[in-house]
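Heads up: the structure comes next, in structure tokens.
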2 protein chains.
Amino acid sequence: MTTSLRSNPTDLPPIPSACLPRPLDAVAAIRDVANDRFSMRSAVGIRRYEPRQMIFEQSQPCRHIFEIIEGTVKLTIALPDGRRQILAVLGPGDLLGLPLGQQHNTSAIAISDVRVKQIARSVFDASLLLQSRAAAQLQKLFLKMQDMIVSLGRRSATERIASYILETAKSGNSDAATPNQPTWSFTLALSQTDLADHLGLTLETVSRELTKLKNHKIIRMSGRNHLEVLDPSGLSEFADNVSHPQTAPNCGTTNEAPEPVFVGRRRRAAR
Amino acid sequence: MTTSLRSNPTDLPPIPSACLPRPLDAVAAIRDVANDRFSMRSAVGIRRYEPRQMIFEQSQPCRHIFEIIEGTVKLTIALPDGRRQILAVLGPGDLLGLPLGQQHNTSAIAISDVRVKQIARSVFDASLLLQSRAAAQLQKLFLKMQDMIVSLGRRSATERIASYILETAKSGNSDAATPNQPTWSFTLALSQTDLADHLGLTLETVSRELTKLKNHKIIRMSGRNHLEVLDPSGLSEFADNVSHPQTAPNCGTTNEAPEPVFVGRRRRAAR
DNA sequence: CGCGATTTTGACGGTCCTCAACTTTTGTGG
DNA sequence: CCACAAAAGTTGAGGACCGTCAAAATCGCG
């Protein structure tokens with residue numbers, strides 16, 4: 001969903017640098033833009049993390065911002081009793097630890113070997129360029145989280161698994177999707193345990209759902225987490241009704257609805 | 001859903017909108033700031049909606065931005081088969097219809113009688129002031145959506161209902177929380193049906209959970225949707241482990257974790 | 001090869017959904 | 001103001017889905 005992958009994050013729609021609750025000072029902003037290249041070189045360091053290492057932790061003050069250079073990172077929130085939810089999975093180019101409040105509102109944990117650029121908060125605060133990228137990232141995540149809410153709130157385990165695979169396959173992580181052989185092949189970033197924490201399921205359910213897809217000859221798995229989609233159309237049947245904004249039916253055919261329109265009652269879900 | 005007929009779409013000044021992402025232009029921005037007050041007066045109109053009326057619809061092009069002056073609006077996403085999810089409930093001062101993509105990614109529907117200020121997209125795009133407010137709103141929603149994801153993914157029906165009531169009561173909507181009489185009293189913005197769509201439940205489950213709380217003398221309800229919290233501490237026991245960032249335990253006690261720290265395994269949820 | 005981490009599989013049960021009928025509240029028109 | 005209809009909420013019975021517990025199997029890595 002929201003598949004339009006823009007290579008350059010800065011060309012996303014306007015929501016501007018005012019990503020931070022700070023007084024708007026356009027003149028200072030211009031100066032900062034000029035300094036950006038310099039500042040970014042000065043107060044920046046590279047850090048490495050191994051799988052399972054924590055980059056920052058929920059409710060710590062956020063003193064640094066990170067840019068992922070290489071590897072994959074998960075953002076998680078943990079409830080006191082140990083239940084966990086993975087909010088997002090980020091990769092190269094993504095920014096980590098955006099200062100939305102005083103403290104980090106999630107933990108960030110390395111999934112693979114990770115290299116990040118560590119940027120001091122002060123540098124970030126002074127850089128319009130970085131803040132613009134942060135705003136873009138925020139938007140991207142925002143849209144993903146919207147879809148996630150719908151999934152978690154309204155879709156079955158089967159649908160969640162299937163559409164996760166579908167999206168992962170489509171989002172360019174797939175190795176080779178040759179036109180005449182429509183089988184995607186890629187490596188899952190998440191273990192099944194993490195997948196469960198991402199999709200709001202248990203690891204047992206994830207395993208069973210994957211097995212089901214294997215038995216239906218929809219997917220094939222080899223190695224630890226290599227996955228091959230044998231039957232994309234079958235897969236989207238399991239994923240069922242994903243509403244892609246771009247693919248949505250009546251794009252731009254109707255008006256802004258200046259006229260008040262009554263909305264029908266909710267039909268009940270039919271699983 | 002998309003069936004609604006519109007009588008006369010003529011009374012609305014159709015504003016050709018530059019719906020395209022623009023590069024950040026600080027100089028133009030300064031000029032725009034100067035013009036803000038003027039522009040906001042020129043291309044702005046007031047609109048009214050009754051309960052259940054749609055303000056804009058999922059996958060329509062977003063040509064206007066709205067500011068709620070009075071009333072309550074829900075943002076919803078509907079799956080093709082009729083399942084619905086309410087993503088957010090907005091009130092006075094909130095902005096509606098932020099252009100995150102080319103099209104609206106949710107529908108906006110009036111819950112109560114609503115008055116909104118309608119702002120042309122072109123005006124919005126030219127106004128740094130508005131965009132700054134939009135960014136702030138985006139952040140607020142972002143944090144709420146994070147909590148929502150955790151709730152939907154990892155918490156039981158009881159917990160969701162209880163913490164919804166708790167948060168609504170705390171968030172100032174409560175009429176009178178006198179210090180010596182710690183009973184909150186307020187009016188639910190959402191019907192039970194909407195509550196279900198917000199919390200990822202069915203209306204029957206919502207009803208049963210509320211009844212349960214009534215039987216436990218935790219809450220009392222009168223009228224259609226007037227709610228009184230009789231036993232706040234009992235309520236938070238049902239809500240269980242809500243981790244409020246502000247109330248979180250180790251605030252700033254630990255470091256940014258430049259030192260790699262291994263994360264323990266997930267403990268299984270204990271309901 | 002052996003050990004820990006991860007996944008698989010089975011049995012069982014609880015939570016919550018489904019279906020359905022009924023009750024209460026709200027709104028409308030005579 | 002009452003009657004009636006529509007909307008909203010309540011309650012019960014039953015069962016599906018998915019979580020829980022437990023144990024075996026497999027993978028990966030030294």
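A note on names: the letters A, B, ... follow the listed sequences, proteins ahead of strands, and every chain is numbered from 1.
Sorted by first then second residue, the ring-ring contact (aromatic ring centres under 6.0 Å, His included) pairs that include residues 200-223 of chain A, not counting sequence neighbours, are H216(A)-F238(A). Sorted by first and then second residue, the pairs that involve residues 148-169 of chain B and meet ring-ring contact (aromatic ring centres under 6.0 Å, His included), not counting sequence neighbours, are Y164(B)-H198(B).
Remark on DNA chain C: of its neighbouring residues Q192(A) and R160(B), the 5'-side contact belongs to Q192(A), judged by nearest-heavy-atom nucleotide. Nearest-nucleotide mapping onto DNA chain D: of V206(A) and T211(B), the residue sitting toward the 5' end is T211(B).
Checking dG19(D), dT11(D), dT9(C) against the side-chain heavy atoms of S207(B) singles out dT11(D) as nearest. Here the side chain of A157(B) is nearest to one of dT10(D), dC16(C), dT9(C), namely dC16(C). Each of dG12(D), dG10(C), dT8(C) was ranked by its minimum atom distance to the side chain of R208(B); first place goes to dG12(D).
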Name the pairs: protein N/O against N/O of nucleotides 26-29 of chain D, kept only if under 3.5 Å.
residue : atom : partner : partner atom : Å
dC27(D) : O4'  : R224(A) : NH1          : 3.1
dG28(D) : OP1  : R224(A) : N            : 2.6

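Taking the C1' atoms of five terminal pairs at each end of the helix from dC1(C)-dG30(D) to dG30(C)-dC1(D), the two resulting helix axes are inclined by 50°, rounded to 10°.
For T72(A), the side-chain contact (heavy atoms from CB on, under 4.5 Å) partners are V89(A), I111(A), S112(A), A189(A), not counting sequence neighbours. Taking the side-chain contact (heavy atoms from CB on, under 4.5 Å) definition, one finds that V150(B) meets it with I77(A), L79(A), Q85(A), sequence neighbours left out. Judged as a salt bridge (charged side-chain N to carboxylate O under 4.0 Å, His left out), and not counting sequence neighbours, the contacts of K140(B) are D94(B). Under the side-chain contact (heavy atoms from CB on, under 4.5 Å) criterion, R224(A) pairs with no residue at all, not counting sequence neighbours. Residues meeting the ring-ring contact (aromatic ring centres under 6.0 Å, His included) test with F142(A), sequence neighbours left out: none.
The interatomic distance linking I161(B) (CD1) with dG9(D) (P) rounds to 12 Å, in whole Å. Put simply, CZ on R154(A) is 13 Å from P on dC16(C), counting in whole angstrom units. Nucleotide dT6(C) holds its P atom 18 Å from the CG atom of L227(A), rounded to whole Å. When the P atom of dT25(C) is taken as reference, atom NE2 of H226(B) falls 15 Å away, rounded to whole Å. In this structure, E209(B) atom CD and dT11(D) atom P are separated by 13 Å, rounded to whole Å. In this structure, CZ of R52(A) is placed 11 Å from C1' of dG4(C), rounded to the nearest angstrom. Following rounding to the nearest Å, K212(A) (NZ) and dG10(C) (P) show an atom-to-atom distance of 15 Å. With rounding to whole Å, L203(A) atom CG is found 13 Å from dA22(D) atom C1'.
OP1 or OP2 of dC17(C) lies within a sub-4.0 Å distance of a side-chain N or O belonging to T205(B). Applying the 4.0 Å criterion to OP1 and OP2 of dT20(D), one finds that R83(A) has every side-chain N and O outside that range.
Classification of E159(B) and R83(A) as a salt-bridged pair holds, one side-chain N sitting under 4.0 Å from a carboxylate O.
When atom types are taken as modelled, the side chain of E209(A) and the backbone of I161(A) share no donor-acceptor pair closer than 3.5 angstrom.
A 6.0 Å sphere centred on CZ of R115(B) holds more than 12 heavy atoms belonging to other residues, nucleotides or ligands.
Checked by distance alone, E204(B) brings a side-chain donor or acceptor within 3.5 Å of a matching partner on the base of dC19(C).
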